[in-house]
Amino acid sequence: MELGKTYNPREIEEKWQKFWVEKNLYQAGKDKSKKPFVIMMPPPNVTGTLHMGHVLNNTLQDIYARYMRMKGYDVLWLPGVDHAGIATQNVVEKELAKEGKTRFDLGREKFLERVNEWVEKYEEIIKFALKRLGCSCDWSKYRFTMDEIMSKAVLEAFVKLYKKGLIYRGKYIVNFCPRCETTLSDEEVEREETNGKLYYIKYPLIKGGFITVATTRPETMLGDVAVAVNPDDKRYKNLVGEYAILPFIKRKLIILEDEFVDPEFGTGAVKVTPSHDFIDFEIAKRHNLPFVTVMDTKGIINEEGGEFKGLERFEARNLIIEKLKKLDLLEKVEDYKIILGKCYRCETIIEPYLSEQWFLSMREMAKKAYEAGEKEEVKFYPPSWKKLYDQWLLNIKDWVISRQLWWGHRIPIYYCKDCDNLMAEIQKPLRCEKCNSQNIVQDEDVLDTWFSSWLFPFSTLGWPDRNELLERYYPGSLLVSAWDILYFWVARMIMAGLEFLESVPFRDVLIHGLLRDEKRRKLSKSLGNSPDPLDLFDKYGVDGVRFSILSIAPEGRDIIFSVDKMKIGRNFCNKIWNAFRLLLSYVEENKVFKRELPYELELEDKWILMKFNETLNRVNSGLESYDYPEVAKIIYQFFWLNYCDFYLEAIKDRLKDIKRKEKALKVSLIVFENFLKLAHPLIPFITEELWHRLPFKQEKESISLESWPCVFDINFEKEKEEFEFLIETVNLIRELKGIYNIPSNEKVNVFIKEKKDKRFFELLQLLAKSSTLEVEPTENFLGYVVNGKELLVTLPMGVNIEKEKQRIKKEIIELKNLIKDLERKLTNPEFLEKAPEEVIRKTEEKKKIFVEKLNTLTKYL
RNA sequence: GGGCGGGUAGCUCAGAUUGGUGAGAGCGUCGGCUUUACAAGCCGAAGGUCGUAGGUUCAAAUCCUGCCCCGCCCACCA
């Protein structure tokens, strides 16, 4: 393949993506002598395609998978997809709605067939996208949360917890989504402040007069069973024990006292609706009040609602208000900010609803998970996220695990129709253990999706079977997750690990932010601000997108995303591509180099090797501390600023010289190869491609199987300094040329008052374009100080040297001020007494440098 | 109501753990380059009272306190 001027990733990506997958390159367990390293993939939902958040998440995982593999670990990165109960059921129901059908038209079995069709399609779409992203997963171990292996674990977990007494059934008030017609856990409800109204309603008293209650949801009044006031509220003392009459329904409502009521709010009197409000539910239990449910699962008023029966909840609200007005029972209406709970899957306003559900008792498990955090058995990066984790665990409530859905793991509870016996079994019992009846039915509900995902770290490995996989790869090592599922998933996985296998499922939790658009809104399909990653891959290359998103992601915080920023990575890949083209153009065909550094190295060689060592060390520590934006930055700067801008420019003369070419090529290629390895975890495709094209003998079939680079065993500290002086000198000349519009090929002569070897001047000439050494100039020159060394520069004819003198004068004034400041400091007895010796020494040195500089500038002015 | 994160150049962010280098980078802007790898490039310039008011200190972007903005999480004021 010809190397085009511009990097065209498409073909290259396809080639390697296929190669990696087909060769099963990343299958875990190939070499059991290696230490295992396990990365826990947050399984994407089967609901739709991959989005940019997944790209960031999986890129980070891939970086660690590839890095640890190169460091000699046996990496297991098991890919999975989540069945996403509510979400998937919703999308399939939406599809059905287009055909004018509901799931009830199809029936449970047919509906599930339909869902399975969807799943099969989207599973493939997701797998495809992950492969395209370059994820080095072990595809032979792919799992889906509804497949047999994982379902078995779900049932096992349920039965175990049930038999331990942690799972219980009860009639409680829960969050209910009337659109999805299912329960939601507290975590699945998103709260949002909205402009609402506070209605003041007068309830007539039996003994005459009224008591006014305030409510934001008047329709729930149909289910009122009492009115509550604070025991300390003197206003209502005389009414306690009396009765009010509920308008429309004519129910007698007792007026009672409850600590909970805040006398400051509203009228200080609260209507009590036990079936439709969390607090009222508690009050009712305390006072033994009856429960009156006035809505069905769709949010429609039922027969308890009398004349309002059949109305949708908000229609009922409006009608009730209207009628109250007519009856003169509506005292007033105020604007009021209310916090509404919404379904996290469909944004419908949730309804607190009294129903029979299955709960998992969390207290004990949460305590253990909290302790594991305290003992640092699991660590969060950045560590500030631990606070949130703690906060949730310490205030945990029991988990509603039943869902009134069809798509999911059906609850393994069986009822005997004949004797009401209840059995929790993995397989349907043939007979009732009590009455021997065969008339047995399974619970209709399914389990919360998260009840399967929380087992992911071990259910994917075949738990509850004690097998080799589980023995070897549990507990895992690293979890990379966005912060929004810290509660849903991360904390629960830790609890599950401790509960079922007595150890935390992973040591490190790397938390990253959510992607937002420039208006700080979350990227979402419905807002239309969420670009399709596959489109971006086409436009900017997979590596380009991977690299860009890493560079713009601040550690642990949300990321302001814009398509335009994808250029960062694309341009970087292009730069790498072209640097390679340059090198390769000097390599003769079929020439193979040995990976040995030449004995004699030039100044620039020594510098770039030193720079590489420095870069490697920084990349290592960046990766170890999960500072991924820093890693991207270091790699970018090394390659662009050091390797391309200076090193490659510096060896150009040698490359063109037949006699000196070989050594220059060798060093540059060796550094290039090491750079490719360093960058490979971040940008796997281009590095793989170029690595194969390097004129070295490659033992391995992929760069990803190579070992991670180690530092060159060299120490050229002096040469490094020398080269840095050279860079500064070059910068000075470039600056002068820039300011005075001196064409770059015009000569600017530099005289350095210090012996330099020949190569130094060659490089100066090369890098500053045609500036050359002369003997000490006698006229038309100015003095400068670079890195403490004195140089004389003559400017070409035609340059307004007076202007330059003005510029230098300005600098002199600045310098004088600085020196004055330093002097003040150095004559301050307190400073001399209290500041550390090192600081004083440095200050003195600095002053000395400034003074020397000042002298030089003045001397030649 | 409780808690967390943030406010540094036009924009996006480093620097803050451990106070001491003339406050940095990328993008954007402006000016100059057909320089034989790359215009997705090269060279240069301009641009900052480090949110604000105090305090501690010889010395504060950095530590402490108050305040002001912005974002988020949790919470039973109907």
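Here the structure is a predicted model, which means the values were calculated and not measured. Protein chains get the first letters and strands the later ones, always in sequence-line order, with residue 1 at the start of each. Only heavy atoms go into these numbers, but all of them, side chains included; no hydrogens, no water, no symmetry mates.
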Asker: Quick one: the dot-bracket string of RNA chain B, using Watson-Crick and G-U wobble pairs with both distances under 3.5 Å, [ ] for crossing pairs and | for bases paired to another strand.
Answerer: ((((((((.[[[[.)....(...]]]].(((((.......))))).....[[[[[..)....]]]]])))))))....
Asker: Determine whether the side chains of A/Trp483 and A/Asp558 contain a donor N or O and an acceptor N or O closer than 3.5 Å.
Answerer: yes
Asker: Figure out the CG/C1' separation between A/Asn578 and B/rC38, and round it to whole Å.
Answerer: 4 Å
Asker: Quick check on B/rU36: is either OP1 or OP2 less than 4.0 Å from any side-chain nitrogen or oxygen of A/Lys5?
Answerer: no
Asker: Each nucleotide N or O in nucleotides 69-71 of chain B that has a protein N or O under 3.5 Å away: list the pair and distance.
Answerer:
none

Asker: Check salt bridge (Lys or Arg N to Asp or Glu O under 4.0 Å) between A/Asp398 and all other residues, then give those that pass, not counting sequence neighbours.
Answerer: none
Asker: Kindly point out which of B/rC13, B/rA37, B/rC73 is positioned nearest to the side chain of A/Ile560?
Answerer: B/rC13
Asker: Please list, for nucleotides 74-78 of chain B, all pairs of protein and nucleotide N/O atoms separated by less than 3.5 Å.
Answerer:
{"from": "B/rC77", "atom 1": "O2", "to": "A/Asp262", "atom 2": "OD2", "distance (Å)": "2.4"}
{"from": "B/rC77", "atom 1": "N3", "to": "A/Asp262", "atom 2": "OD2", "distance (Å)": "3.1"}
{"from": "B/rA78", "atom 1": "OP2", "to": "A/Tyr336", "atom 2": "OH", "distance (Å)": "2.2"}
{"from": "B/rA78", "atom 1": "N6", "to": "A/Asp262", "atom 2": "O", "distance (Å)": "2.9"}
{"from": "B/rA78", "atom 1": "N6", "to": "A/Phe265", "atom 2": "O", "distance (Å)": "3.4"}
{"from": "B/rA78", "atom 1": "N1", "to": "A/Asp262", "atom 2": "N", "distance (Å)": "3.3"}

Asker: Flag the pair A/Lys332 and A/Glu334 as a salt bridge only when some basic side-chain nitrogen lies within less than 4.0 angstrom of an acidic carboxylate oxygen.
Answerer: yes
Asker: Sequence neighbours left out, what passes side chain to side chain contact (heavy atoms under 4.5 Å, CB included) with A/Ser551? Give chain and number order.
Answerer: A/Phe547, A/Ile568, A/Ala632
Asker: Under 4.0 Å between any heavy atoms, over every strand shown, what does A/Phe850 touch: base, sugar-phosphate, or nothing? Just pick one.
Answerer: base
Asker: Taking the C1' atom of each, how far is B/rC68 from B/rG54, in whole Å?
Answerer: 14 Å
Asker: Quick test: give all pairs of protein nitrogen or oxygen and nucleotides 24-33 of chain B nitrogen or oxygen below 3.5 Å, distance rounded to 0.1 Å.
Answerer:
none

Asker: Once you round it to whole Å, what is the distance between C1' of B/rU12 and CE of A/Met566?
Answerer: 12 Å
Asker: State which of B/rG20, B/rC73, B/rG41 makes the closest approach to the side chain of A/Trp640.
Answerer: B/rG41
Asker: Output the distance between atom CD (A/Glu823) and atom CG (A/Asn828), rounded to the nearest 0.5 Å.
Answerer: 13.0 Å
Asker: Take the protein atom CG of A/Leu514 and the nucleotide atom C1' of B/rC72, then report the distance between them rounded to whole Å.
Answerer: 10 Å
Asker: Please report the distance, rounded to the nearest Å, between CD in A/Glu193 and C1' in B/rG1.
Answerer: 13 Å
Asker: Among pairs that include at least one residue of residues 539-553 of chain A, which meet salt bridge (Lys or Arg N to Asp or Glu O under 4.0 Å), considering only residues two or more places apart or in two chains?
Answerer: A/Asp62-A/Arg546
Asker: By nearest atom, which of the nucleotides B/rG44, B/rG20, B/rC38 is closest to the A/Lys825 side chain?
Answerer: B/rG20
Asker: Look at the rings of A/Phe572 and A/Trp640 and say which category their plane angle falls in: under 30° parallel, 30 to 60° tilted, over 60° perpendicular.
Answerer: parallel
Asker: Using the side chain to side chain contact (heavy atoms under 4.5 Å, CB included) criterion, which residues pair with A/Arg557? Sequence neighbours excluded.
Answerer: A/Pro554
Asker: Can you list, pair by pair, the side-chain donor-acceptor contacts under 3.5 Å of residues 271-279 of chain A, counting residues two or more places apart and other chains?
Answerer:
{"from": "A/Lys271", "atom 1": "NZ", "to": "A/Thr220", "atom 2": "OG1", "distance (Å)": "2.7"}
{"from": "A/Lys271", "atom 1": "NZ", "to": "A/Asp224", "atom 2": "OD1", "distance (Å)": "3.1"}
{"from": "A/Lys271", "atom 1": "NZ", "to": "A/Thr273", "atom 2": "OG1", "distance (Å)": "2.9"}
{"from": "A/Thr273", "atom 1": "OG1", "to": "A/Asp224", "atom 2": "OD1", "distance (Å)": "2.6"}
{"from": "A/Ser275", "atom 1": "OG", "to": "A/Val292", "atom 2": "N", "distance (Å)": "3.3"}
{"from": "A/Ser275", "atom 1": "OG", "to": "A/Val292", "atom 2": "O", "distance (Å)": "3.2"}
{"from": "A/Ser275", "atom 1": "OG", "to": "A/Thr293", "atom 2": "OG1", "distance (Å)": "3.2"}
{"from": "A/His276", "atom 1": "NE2", "to": "A/Val294", "atom 2": "N", "distance (Å)": "2.9"}
{"from": "A/Asp277", "atom 1": "OD1", "to": "A/Ile279", "atom 2": "N", "distance (Å)": "2.9"}
{"from": "A/Asp277", "atom 1": "OD1", "to": "A/Asp280", "atom 2": "N", "distance (Å)": "3.3"}
{"from": "A/Asp277", "atom 1": "OD2", "to": "A/Arg217", "atom 2": "NH2", "distance (Å)": "3.4"}

Asker: When the distance from CD1 of A/Ile559 to C1' of B/rG5 is rounded to whole Å, what number comes out?
Answerer: 14 Å
Asker: What is the distance, to the nearest angstrom, from the CD1 atom on A/Ile742 to the P atom on B/rC43?
Answerer: 17 Å
Asker: Assess whether a salt bridge exists between A/Glu351 and A/Arg313, defined as any Lys/Arg side-chain N lying under 4.0 Å from an Asp/Glu carboxylate O.
Answerer: yes
Asker: With sequence neighbours left out, what residues match A/Arg581 under salt bridge (Lys or Arg N to Asp or Glu O under 4.0 Å)?
Answerer: none
Asker: Kindly point out which of B/rA14, B/rC58, B/rG44 is positioned nearest to the side chain of A/Glu735?
Answerer: B/rG44
Asker: Of all residues at least two apart in sequence or in a different chain, which pass the ring-ring contact (aromatic ring centres under 6.0 Å, His included) check with A/Tyr626?
Answerer: A/Tyr64, A/Tyr381
Asker: Distance check needed: B/rU12 C1' versus A/Glu518 CD, whole Å only.
Answerer: 10 Å
Asker: Over how many whole Å does the gap from A/Leu584 atom CG to B/rA37 atom P extend?
Answerer: 13 Å
Asker: Can you confirm if the NZ or CZ of A/Lys197 lies within 45° of the ring axis of A/Tyr336 and under 6.0 Å from the centre of its six-membered ring?
Answerer: no
Asker: Verify the distance criterion only: is there a donor paired with an acceptor across the side chains of A/Ser621 and A/Glu624 at less than 3.5 Å?
Answerer: no
Asker: Could you work out, with side chain to side chain contact (heavy atoms under 4.5 Å, CB included) as the rule, every residue matching A/Lys202, not counting sequence neighbours?
Answerer: A/Phe210, A/Thr212, A/Asp328, A/Leu329, A/Glu331
